[in-house]
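The next block holds one structure in the form of structure tokens; read it before the comments.
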Amino acid sequence: MMRDLGSRDVAFMKAVKEIRAGLLELAQVNEKDFTTVLIQGSGTFAVEATIQTATPRQGGKLLILANGAYGSRIIKIADYLNIPRVVLEFPENEKAPLNDIEKLMAAHPDITMVTLVHCETSSGVINPIAQVGKLVREKLPQATYFVDAMSSFGGIPLNMDACNIDFLVSSANKCIEGTPGFSYTLARRSALAKCKGNSRSLSLDLFDQNAYMEQTGQFRFTPATHSMLSFHQALKELKLEGGPEARARRYQENRRVLRLGMAKLGFRELLDDSHEGYIITSFHFPKHPNFSFEKFYSKLNEKGYVIYPGKVTRADCFRIGSIGHLFPKDMQNVLVGIEKTLQEMDIAVPIQESK
Ligand SMILES: *Cc1c(COP(=O)(O)O)cnc(C)c1O
């Protein structure tokens, strides 16, 4: 990241080429049928680019499956773009309900794209992307399937083609552990080929971004060079660790340590044991007269532990992630920090909740 290369430097262009190929490898697909479109900006930029590029200006209609803040963001994007949408909202502590989805698909044969968030980061629920993909192909063969895999890609192994995914988005700074600055859409070439002229935006146009990159090896507009060089290194480190399977094992171990320790302290989780997610864990605010989340958060912060700063679920919950360059030892340390914080707040452990 400390290397300052120009965006047309040969060494930079080579790194970009390797990043594009490396991401397809992580998705277990080949360059003949799939392409990586790199987008300047955070993850939301790639979501917005994908939705407007993949939706025809006339006759486009989305089926949005939503069980949390990131599903709601897709609804908001569709509304900003004036794209007609059908929404299936389901509870934040449940996985996408296949029967209801199937019924909606039958009722709306004119849907052009189905969207689903893989790991709904507001709660930690992992949605069944493969099963929904199968339904899309069977029930809506003319529609495309879009998965927001922002917080899971690289940390939960997947085969994009086997899941019938046409467009998958993620960003530099989640499970691949790069620095923020850009995002990407992995696209099925046959689906992207139909998208010329769809985008309502000049810069957020996957079709043009991809066509220019493939012709010239360069970006249409200035890319985040430093972030991309650090990402190039992050991909190497992911490979050295043993790929997404090995990273998944580390994150699972992080989460195992965390949930064991939190249970000992008396915290309750939002999700029951039917959920297998290990990206992020939501805990209920303890029902104790001395507990205040703001205090808890800032006292932990003073000790060097930064957890997610606010609640995004309907239930009163806070969240702790297990992804990033974190190891089981770090999780043990944060547990010590949490125990100390509870002491400072005059909350005895294990926490005795009031009725
Ligand atoms: C982080 C995240 C995003 C994108 O967030 P940005 O702040 O725009 O990078 C989108 N969807 C999910 C599921 C996420 O976890």
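Starting from 1, each residue takes its place in the sequence as its number.
When side chains are defined from C-beta on, L140 counts as touching V114, because their heavy atoms get closer than 4.5 Å. At a threshold of 4.5 Å between non-hydrogen side-chain atoms, the residues L26 and L238 count as touching. When side chains are defined from C-beta on, F153 does not count as touching P244, because their heavy atoms never get closer than 4.5 Å.
The distance from the NZ atom of K139 to the CD atom of Q142 is 13.0 Å, given to the nearest 0.5 Å. A distance of 9.5 Å separates CD of E138 from CE of M105, quoted to the nearest 0.5 Å. Atom CD1 in I64 sits 5.5 Å away from atom CD1 in I75 (nearest 0.5 Å). The distance from the NZ atom of K95 to the OG atom of S274 is 5.5 Å, given to the nearest 0.5 Å. Once rounded to the nearest 0.5 Å, the distance linking CD of E25 with CG of L235 reads 9.0 Å. We find the CD1-CZ distance between I77 and R85 to be 12.5 Å, quoted to the nearest 0.5 Å.
We find that K303 and E344 are joined by a salt bridge, their nearest charged nitrogen and carboxylate oxygen being less than 4.0 Å apart. With respect to the salt-bridge test (charged N to carboxylate O, under 4.0 angstrom), the residues K299 and E339 do not qualify. A salt bridge is absent between E18 and K236; no separation between the charged side-chain nitrogens and carboxylate oxygens falls under 4.0 Å. Ionic pairing of E253 and R249 is not present here: no N-O contact between side-chain nitrogen and carboxylate oxygen is shorter than 4.0 angstrom. Using a 4.0 Å cut-off between charged nitrogen and carboxylate oxygen, K76 and E48 do not count as a salt-bridge pair. A salt bridge is defined here as a Lys NZ or Arg NE, NH1 or NH2 lying under 4.0 Å from an Asp or Glu carboxylate O, and R247 with E177 meets this definition. Between D161 and R188 there is a salt bridge, since a side-chain N of the basic residue sits under 4.0 Å from a carboxylate O of the acidic one. A salt bridge between E92 and R314 is absent, with no side-chain N of the basic residue lying under 4.0 Å from a carboxylate O of the acidic one. Taking the charged nitrogens against the carboxylate oxygens, R137 and D166 do have a contact shorter than 4.0 Å, which makes a salt bridge.
A donor-acceptor contact shorter than 3.5 Å is absent between the side chain of Q218 and the backbone of M13. Judged by distance alone, the side chain of E89 and the main-chain N or O of S72 form no donor-acceptor pair under 3.5 Å. Not one N or O on the side chain of N99 forms a donor-acceptor pair closer than 3.5 Å with the backbone of E102. For the pair S199 (side chain) and L204 (backbone), a donor-acceptor distance under 3.5 Å is present. Side chain of S122 to main chain of A69: a donor-acceptor pair is present (N/O by atom type, distance under 3.5 Å, no hydrogens or angles). Under the 3.5 Å distance criterion, the side-chain polar atoms of H275 are matched with a main-chain donor or acceptor of N93. Using a distance-only test at 3.5 Å, with no hydrogens or angles considered, no donor-acceptor pair links the side chain of N127 to the main chain of L116. For the pair R250 (side chain) and L326 (backbone), a donor-acceptor distance under 3.5 Å is present.
Counting only N and O atoms by type, the side chains of Q233 and E237 include a donor and acceptor under 3.5 Å apart. There is no side-chain donor-acceptor pair under 3.5 Å between R319 and S123. Using modelled atom types, one finds no donor on one side chain facing an acceptor on the other under 3.5 Å when comparing S7 with T222. In this model, no donor atom of one side chain and acceptor atom of the other lie less than 3.5 Å apart for T53 and N198. With no hydrogens or angles considered, a side-chain donor-acceptor pair links D4 and H226 at under 3.5 Å. A donor-acceptor contact closer than 3.5 angstrom links the side chains of T121 and S151. Side-chain atoms of T44 and R73 include a donor-acceptor pair closer than 3.5 Å.
More than 12 non-hydrogen atoms from other residues, nucleotides or ligands lie less than 6.0 angstrom from CZ of R189. Environment of NZ in K61: crowded, with over 12 heavy atoms of neighbouring residues, nucleotides or ligands closer than 6.0 Å.
Between F182 and F231, the distance from one ring center to the other falls under 6.0 angstrom.
In plain terms, the two heavy atoms of C195 and A191 that are nearest each other are SG-O, 3.3 Å. The shortest heavy-atom contact between L270 and A315 is CD1-CB, 4.0 Å. The two residues A54 and F167 have their closest heavy-atom pair at CB-CE1, 3.7 Å. Between A224 and G181, the shortest heavy-atom distance links the atoms CB-O, 3.7 Å. In this structure, Q209 and V37 approach most closely via the heavy-atom pair CG-CG1, 3.6 Å. The minimum heavy-atom distance linking P180 with S227 is given by the pair O-OG, 3.2 Å.
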Evaluate the side-chain contact (heavy atoms from CB on, under 4.5 Å) criterion for residues D148 and H118: first the C-alpha distance (whole Å), next the side-chain angles of each, then the deciding distance (0.1 Å), finally the verdict.
CA-CA 6 Å; D148 171 353; H118 186 201; over 6 Å; no

Going through the distances and angles, do D205 and K196 end up as a salt bridge (charged side-chain N to carboxylate O under 4.0 Å, His left out)?
CA-CA 9 Å; D205 183 338; K196 189 176 165 75; over 6 Å; no

Quick one, V47 with Y70, criterion side-chain contact (heavy atoms from CB on, under 4.5 Å). Give me CA distance, side-chain angles, the key distance, then yes/no.
CA-CA 10 Å; V47 175; Y70 293 100; over 6 Å; no

Determine, step by step, whether L158 and L168 satisfy the side-chain contact (heavy atoms from CB on, under 4.5 Å) criterion, reporting the C-alpha distance in whole Å, the side-chain angles of both residues, the deciding distance to 0.1 Å, and the verdict.
CA-CA 11 Å; L158 70 81; L168 178 147; 4.0 Å; yes

Quick one, S201 with Q52, criterion side-chain contact (heavy atoms from CB on, under 4.5 Å). Give me CA distance, side-chain angles, the key distance, then yes/no.
CA-CA 8 Å; S201 155; Q52 57 182 320; 3.6 Å; yes

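Residue F318 is tested with Y308, Y297, F296 for a ring pair (Phe, Tyr, Trp, His ring centres under 6.0 Å); the sole match is F296. The side chain to side chain contact (heavy atoms under 4.5 Å, CB included) test with E353 is passed by exactly one of R268, H288, H284: R268.
Ring orientation note: the planes of H325 and F327 are nearly perpendicular, at an angle over 60° on the 30°/60° scale.
Linking Ile, Leu, Val, Met, Phe, Trp and Tyr residues whenever their side-chain heavy atoms come within less than 4.5 Å places V16 and F34 in a single cluster. Residue Y184 is grouped with residue I165 when hydrophobic side chains (ILVMFWY) are merged at heavy-atom distances under 4.5 angstrom, including chains of intermediate members. Under the 4.5 Å side-chain heavy-atom criterion for Ile, Leu, Val, Met, Phe, Trp and Tyr, V257 and L260 are members of distinct hydrophobic clusters. Residues L98 and V86 fall within the same hydrophobic cluster, defined by Ile, Leu, Val, Met, Phe, Trp and Tyr side chains chained together at heavy-atom separations under 4.5 Å. Hydrophobic cluster membership is shared by I129 and L186, with clusters built from Ile, Leu, Val, Met, Phe, Trp and Tyr side chains linked at under 4.5 angstrom.
Both tests do not hold together for R255 against Y278: distance to the six-membered ring centre under 6.0 Å, angle to the ring axis within 45°.
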